[in-house]
Undergrad: 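Have a look at the structure that comes next, please.
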Amino acid sequence: MKKNQTTENTKKNAVDKDSTSVKSTVCEKEPLFLKKVFYILAAVAFVVVPLLSLNSGMSGDEKSSYVHSSRVYDYFANGDTAAVNTQGDPLTQNLEYYGQSFDNITYLFIKWFHIDNPYEFRHCCNALLGWCIAFIIALLLAKTCGYRAAIMGFLLLLLSPRFLGHSFNNPKDIPFALGYTFAIYQMILLVRELPKTSWKRLLFVALGIAIANSVRIGGLILVAYLFLFCGIWYFFVNKEYKWNQGMFWTKGFILIGKLLLTSIVGYFVSIVLWPYLQQSPIAHAKEALDLMEHYSVNLRQVFEGVNIWSTNAPWYYLPKYIFMTIPEAVILGLLAFLVFLPKIIKKQTGMITFIVFFSFFFPIFYIIYKASNVYGGWRHVLFTYPFLVTASVFGWNAWADKMKGNWKWIVYGIFALLLLLPLVHICKYHPHEYVYYNQLCGGVSKNYGYYEMDYYQHSTRAASTWLDNYLVENKLKGNTPEKIKISSNDHKAIEYYFRNDSAKYYEIGYIRYYERGNSDWDYAISINTYINAYQLQHNIWPPKGTIHTIDVDGKPIAAIIKRENKADYEGYLLKSKLSDDSLSMEERINIVYAAIGKYREALAYDPNNEAALSSLVELYSGTTHIDSIVYFTDRLVEVCPNENFISYATNIYTHIYQATNNNVYLNKVFELSEKMIGINPYSAQNYYNLALMYARIGNPNRGNVIMEDCIKKMGRRFESQYYQAIYWAQTGKANDALDLLQKMTKKYPAHADECQAVINQIQGINR
C-alpha cells in the first residue's frame, strides 16, 4: 500500500511540475482509508437521496414544466407549435423562453417507458442531480484539500435542509446548479492545467455551459466566466512569456480562439431540445435574456413580519435569507475562511480561491446591484451555494491545519456536532426539511409568520394523503350521495394526488383562501403560502373547521379544513343574484337582507371568516346602516389587515366621510392609510397615497416628509423615485418632477415609456 501511495504522489508531483499555475494542495500525510470512506458514503447517498425523494410533494412550478415538456415532445414528434407560443396560456405562459432540458429529457423516459407515476420518477431524477452536485464539489475538494475535506463538503451539501429539499422536486434551480457547478469545476481544472489546454477539458467546460444554459438562458454567464478566469490567469499568473514578446500575444489569440469555440459548442448543444431558440438562435436568445433580466412576475411574500411584493424586496433580502437558512456549520466555516484567508490563498493559490469566491459572491452581488426580482427565499441563487460550501470547507480545513496534535480533532468534533442540528431537522420533518431556519436565528418556530415557510407548497402531498386516509377510515369515501368536493389553492397538485379517485369519489376544485366562501366545497387543503403575516403570527390561520395540520417545529404549514357550515356559500349565491338588472327594487332589498342573514350565520360559526366580513361590508354599503358598515369594516381589518382589505376599508370610510362630512371618518381614512405603510413598508404607492391625502388637505410639507421616508426605506429604486416625481408634479414642483423623470428614462430603460408618458402629461399641463 505504501508503494502505491509513493507512486501516486510521484505522478502527482510530475503533473505539478508541468503546470505553472498551482502546486498540489492535497495533504500528503492523509490516511488512504479516507478515500474509501468517501466513496462508500457517496454510494450510500446515491441510493438514499432518490429514495427520500419518493414521498416529497410536487413543487409549485412542476405541473407547468411537465405540461410544457409534453408540448416540446409534440413539437419534435408531430410539428405541434404550442411549445413555441405559450402566450395566453396561464399554465405555461413564457415557458418557451426556458430550455428546461431536465423536464424534456425526463418526459422522454416517461413517454417511452409508460411510467405511471411521472412526478415520482422526476423527483428521483432530480434528487440524483442534487447528489451529482455534492459529488462534484467533493471531487473539487479532494483535488485541492484531500478526501477529509471532500467528505466534509459532501456532507455539508446533502445535510443542508434547503438544498436537500429542493433537490427532491425543483426542476429548474437544481439542474441549473448542476450545470453551473460542473462548468466551474472544469474551469478550475482548466486553469490548473494552463498553459496546456486539452480538448478533453474544453469539451467538459462546453458540457457544463450546455447543461446550465439548456435550463435557463442565464447559463451564458458561464461564457463570461470562462474568458474572465482564463484572462486573469494569462495576464497575471502566466510566467511562460512576457507581455512585450510576440509569442505572448500569438498564444493569447490561440487561447481566445479555443475558448470561443468551446463557448459556441456549449451554446448550440444547449438548444438541442429548445424549440424556441432553435427557430432563431440569436434573436430569440436575446428575447429570453431580456425576459430574465426584467422578469415581470410579482409575488406577495412574508418578509420581516409583513407581506411585501417581490419587486419591492429590500436589497439585503437574499443575504439575510441565506444566512438564516444555511446550517451553522457552513456559517462557522465561512468565518474561518475569512480569518485564515491569507493561509488559504497560499495553500490553494489566489487563482483558485478567487474562482471559488467569485462563483458564489458575484451572482448575488449582481442581483442586488440590479435590484432584480427575487422571491421564494433564495432558491433562484441555489447555484451559488455549492461554492459557498466550498469556501466554508476551505475555512474548516485551514482551521484544522492551524491546530496541533489532538487539538485538530476538537475542530472536527465541533464540525460533527454542528452537523447534528440540520440532521435532526431532516430526520424529524422529512419530507418537508426545506422548511428550515437555523438555530442562530431561532429556528422555524421563532420565525413562523415573519418569513416564508412552505413557499413551494411541498406539503400538499402529505395533506392529500392524510385526507384520503381520513375519508376511508370514516367510511365517507364512496358512501356519499354525491362526489366529495375537495378544493385547494394548490389544485394542480391535488388533481394529481387524487387522479385515481376523482372519476368516482372526488370532485377537485380551486379556491383562493380569502375567497373560500364563494365556492362549494366539503374539504379544503390550505397551504400557508400567501397567508397574511398577521394571521400567522396570531393563530387566525388555520381557520375554524381545521381537522388536521401538517407541522414543522410545532407550526402548521398546511391545513385540512372540513366545511361544517355552508352559510357563507349560500350568502354568496344570494349576493350573485344582485347582478340581474331585471330585479325590482323590492326584490333587490329582499335579496340583500337574505344574504346578510346568511353571512351573519356564517360569522356566528366562525367570527374570523374574512369572506363573510368583506361581503357584509359590501352589502351594508348599499344601505343606510352606517353603524353596521363601520362595525364590519373594523372587524375585517382587525381579522385580516392585508393590503386588499385595508384598501377596501379606506375606500369605504372615504365614501362615508363624503356622505357625512364627519372628521371622525376622515381621521379613520388617515389611520388606515398609515396602517397600509406599516403592513407593507416596501410599497411606494402606499407612501404616495398618504402623502397626496395630506397635500389635498393643505399640508404638502407633511406629504414631502412621507415621500422622503419612502426613499429612505426603499432606496432610490424605480418605484420610489417614480412616485416621488408624480407627487412633485401634483404639488407645484413640475420642473423637479421633469428633471427626475428624464434621468430615470436613462437609468431605467425598461421603464422609459412609463416615465415618458408622465413627462408628456406634465408638459401638456404646462402648455
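Source: prediction; values computed, not measured.
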Undergrad: Looking at F109, is R122 sitting on its ring face, NZ or CZ under 6.0 Å from the six-membered ring centre and within 45 degrees of the normal?
TA: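 The answer is no, since R122 fails at least one limit relative to F109.
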Undergrad: Sorted by first residue and then second, give each side chain to side chain donor-acceptor pair (under 3.5 Å) pair with at least one member in residues 483-495; sequence neighbours left out.
TA: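 Listed by first then second residue: T460-D490.
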Undergrad: What residues form a ring-ring contact (aromatic ring centres under 6.0 Å, His included) with F361, not counting sequence neighbours?
TA: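 Once residues adjacent in sequence are excluded, the partners of F361 under the ring-ring contact (aromatic ring centres under 6.0 Å, His included) criterion are F357, F365.
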Undergrad: Does T480 reach the main-chain N or O of E482 with its side chain, forming a donor-acceptor pair under 3.5 Å?
TA: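 Pair found, side chain donor or acceptor close to backbone of E482.
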Undergrad: Using only atom types and a distance under 3.5 Å, with no angle test, would you say the side chain of H123 pairs donor to acceptor with the backbone of P50?
TA: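 Judged by distance alone, no pair lies under 3.5 Å.
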Undergrad: Using only atom types and a distance under 3.5 Å, with no angle test, would you say the side chain of N307 pairs donor to acceptor with the backbone of N532?
TA: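 No.
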Undergrad: Can you tell me how far the CD1 atom of I364 sits from the CG atom of L388, to the nearest 0.5 Å?
TA: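 If I round to the nearest 0.5 Å, the distance is 7.0 Å.
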Undergrad: Looking only at side chains, do N438 and E328 share a donor and an acceptor under 3.5 Å apart?
TA: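 There is no such pair between these side chains.
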Undergrad: With sequence neighbours left out, write down each residue that passes salt bridge (Lys or Arg N to Asp or Glu O under 4.0 Å) with E515, or none if nothing qualifies.
TA: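 Residues passing salt bridge (Lys or Arg N to Asp or Glu O under 4.0 Å) with E515: R512.
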Undergrad: Just checking, R516 and Y513: is the charged tip under 6.0 Å from the six-membered ring centre and within 45° of the axis?
TA: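 Relative to the ring axis of Y513, which defines the angle, R516 lies inside both limits.
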Undergrad: On the 0 to 90° scale, with breaks at 30° and 60°, tag the Y434-H458 ring pair as parallel, tilted or perpendicular.
TA: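 Parallel: the ring planes of Y434 and H458 meet at under 30°.
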Undergrad: When you measure from the side chain of H425 to the backbone of E433, do you find a donor-acceptor pair of N or O atoms at a distance under 3.5 Å?
TA: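 Yes: the side chain of H425 pairs with the backbone of E433.
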Undergrad: Will you find, in the side chains of N373 and S310, an N or O donor that is under 3.5 Å from an N or O acceptor?
TA: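 Side chains of N373 and S310: pair found under 3.5 Å.
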Undergrad: Do K544 and Y605 form a cation-pi contact, if we require the NZ or CZ to be under 6.0 Å from the six-membered ring centre and within 45 degrees of the ring's axis?
TA: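 Judged by the rule, K544 and Y605 form a cation-pi pair.
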